[in-house]
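Shown next, in structure tokens, is the structure this report addresses.
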Amino acid sequence: MNDRSIAYFSMEIALAAEIPTYSGGLGVLAADTIRSAADLKVPMVAVTLLHRKGYFRQRLDANGWQNDEPAGWTVENLLEEMPGRAAVTLEGRTVQLRCWRYEVRGSGGWRVPVYFLDANLAENSAWDRTLTDFLYGGDQHYRLCQEVILGIGGVRMLRALGHKNIERFHMNEGHASLLVLELLDEQIKQAGRPSITHDDIDAVRKKCVFTTHTPVPAGHDQFPMDLVQSVLGRREVYDMKDVFCCEGRLNMTYLGFNLSHYINGVAKRHGEISRLMFARYTIDSITNGVHAATWVAKPFKELYDRNIPGWEQENFSLRYALSIPKKEIWHAHGEAKRQLIQRVNRETNLGMDAAVFTLGFARRVATYKRADLLFQDIGRLKNISSTAGPLQVIYAGKAHPQDHGGKELIQRNFQLKASLKNDIKIAYLENYDLELGKTITSGVDLWLNTPQPPLEASGTSGMKAALNGIPSLSVLDGWWIEGHIEGVTGWSIGEDGRGLGAEDVDRSKDASSLYEKLEQVIVPLFYHHRDRFIDVMRHAVAFNGSFFNTHRMVLQYVLKAYFE
Ligand SMILES: *Cc1c(COP(=O)(O)O)cnc(C)c1O
């Protein structure tokens, strides 16, 4: 157990629908990374917070207004309590921590332990006991205390559990950056020095890896220095320019960058954008993926098992999907689609028809994802459905509890159901989670993605769709710049090459492009050239399923960041 050499830190991890400690793509990526590490026998251990009250459960009332319900879960039934204890100091108080373990078991039996830190102990004050309750809840102060627990408490807990020889600490986004302070402290203690030298900084830097996940400013945590001082006390490193850089604020991204020997963005374009945003740093890119065996629905799993034995371990062999007979692809897709349509009809009573061309859109609700772009010109959309061929649309997605604008967006989309009901059936399914995500990304005919470039760092739901033979219609941003071959793996909305910092000026242009592709190309292909449509499905698997998976991604981390 103490032979693990990579420690992966993430504020959220989406291991199972019944462990609601995630809000979206960041957590899904973390879990898929761990699953692939287990399959590939990478010696990894992961650290996160318990989030005993979960993220939240989404209920939509009759008007489509989102109500946020607590998503408590029974920790004791799903995780195993560990004997190790650690402590952190917050505002001079000692906060005791325990942890719980969940083991991810790879296809060959290799296990990666995930440790969930828990501050809910009788020794702690009532408020401190709540610090591991809510994911992205509370104010800045609460959040900073959580990040102390994750970063500093996480390293201490690993030591307490016997993980003494960790060679790499991978920060999955800046929430875990404070771990570098603990590593610096360990370093000077070991060297028997009273204060930090450049050698200590170099030694820590060799151990650390940082992945940045978004160009959106809100995704980069910053805390005022007086808050940091009051929580963590006065520290020598605050005055070290090559560790703490910015006047009056602690920027978690810079802190992680400054102490990492390898920094990456999560797609090629996101790497470019990050190099523009953070010009002082060397930033590489490793494009995200998804864990293939997790995201392939049963009918496609059976299809691949028959045609491409070994695909779950050797994801690259999915390229041979090109020789799977079209009839079989269509049959498997029909099965997955029926399951989705049944669920929609059970939950919404809409009477959707499995023969109708079905678009899917499921996302964490964030403004830049433009979930309403499809409805920019409702008349035009109706016209496409009545002339090119009938359409129906399936939506899902949660807005952050404090995001009033996001909730309004959900409500607008929800209410279109009524105004379009004679033309286009629209379902808004409640409580988007891992399980619903799998059902939607495997059951629609086309995956729609409409972010405002260049703000989608990668995006992964289109990769899940591709693994299930579902092509994307997407703005050229994030992974789609790499995965898109027009008319071969799917279709683009608009042109490539929009710059950083652009307002959403191309909105109506993007909407027209979206409508044109649907009307002129995709809907006719689906209804009148089914053979060619299935050929696009096959290429989605062969080009994109074979590549945009976490097996390939983890191998790149091994080559470039972990054991280089
Ligand atoms: C895959 C997934 C996401 C991330 O999807 P993006 O396309 O990257 O936004 C978010 N939430 C759930 C439940 C998912 O399954």
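Counting starts at 1 for both ligands and their atoms, following the listed order.
You'll find the side chain of Phe278 stays beyond 4.5 Å of the side chain of Ile263, heavy atoms only.
The contact shell of ligand 1, taken as protein residues with any non-hydrogen atom closer than 4.0 angstrom, comprises Gly24, Gly25, Val28, Trp295, Arg363, Lys369, Tyr432, Asp433, Leu434, Gly459, Thr460, Ser461, Lys464.
With sequence neighbours excluded, the residues satisfying side chain to side chain contact (heavy atoms under 4.5 Å, CB included) with Arg538 are Lys326, Ile329, Asp535. Residues passing the salt bridge (charged side-chain N to carboxylate O under 4.0 Å, His left out) test with Glu516, sequence neighbours excluded: none.
A salt bridge links Glu335 to Arg338: at least one charged side-chain nitrogen sits closer than 4.0 Å to a carboxylate oxygen.
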Side-chain polar contacts of residues 44-54 - donor-acceptor pairs under 3.5 angstrom, sequence neighbours left out - could you list them?
{"unit_1": "Thr48", "atom_1": "OG1", "unit_2": "Ser10", "atom_2": "O", "d": "2.8"}
{"unit_1": "Thr48", "atom_1": "OG1", "unit_2": "Met11", "atom_2": "O", "d": "3.3"}
{"unit_1": "His51", "atom_1": "ND1", "unit_2": "Leu135", "atom_2": "N", "d": "3.4"}
{"unit_1": "His51", "atom_1": "NE2", "unit_2": "Met11", "atom_2": "O", "d": "2.9"}
{"unit_1": "Arg52", "atom_1": "NH2", "unit_2": "Asp118", "atom_2": "OD2", "d": "2.8"}

I would like to know whether Glu272 and Lys268 meet salt bridge (Lys or Arg N to Asp or Glu O under 4.0 Å); could you show each step before the answer? CA-CA 7 Å; Glu272 289 165 22; Lys268 286 187 185 302; over 6 Å; no
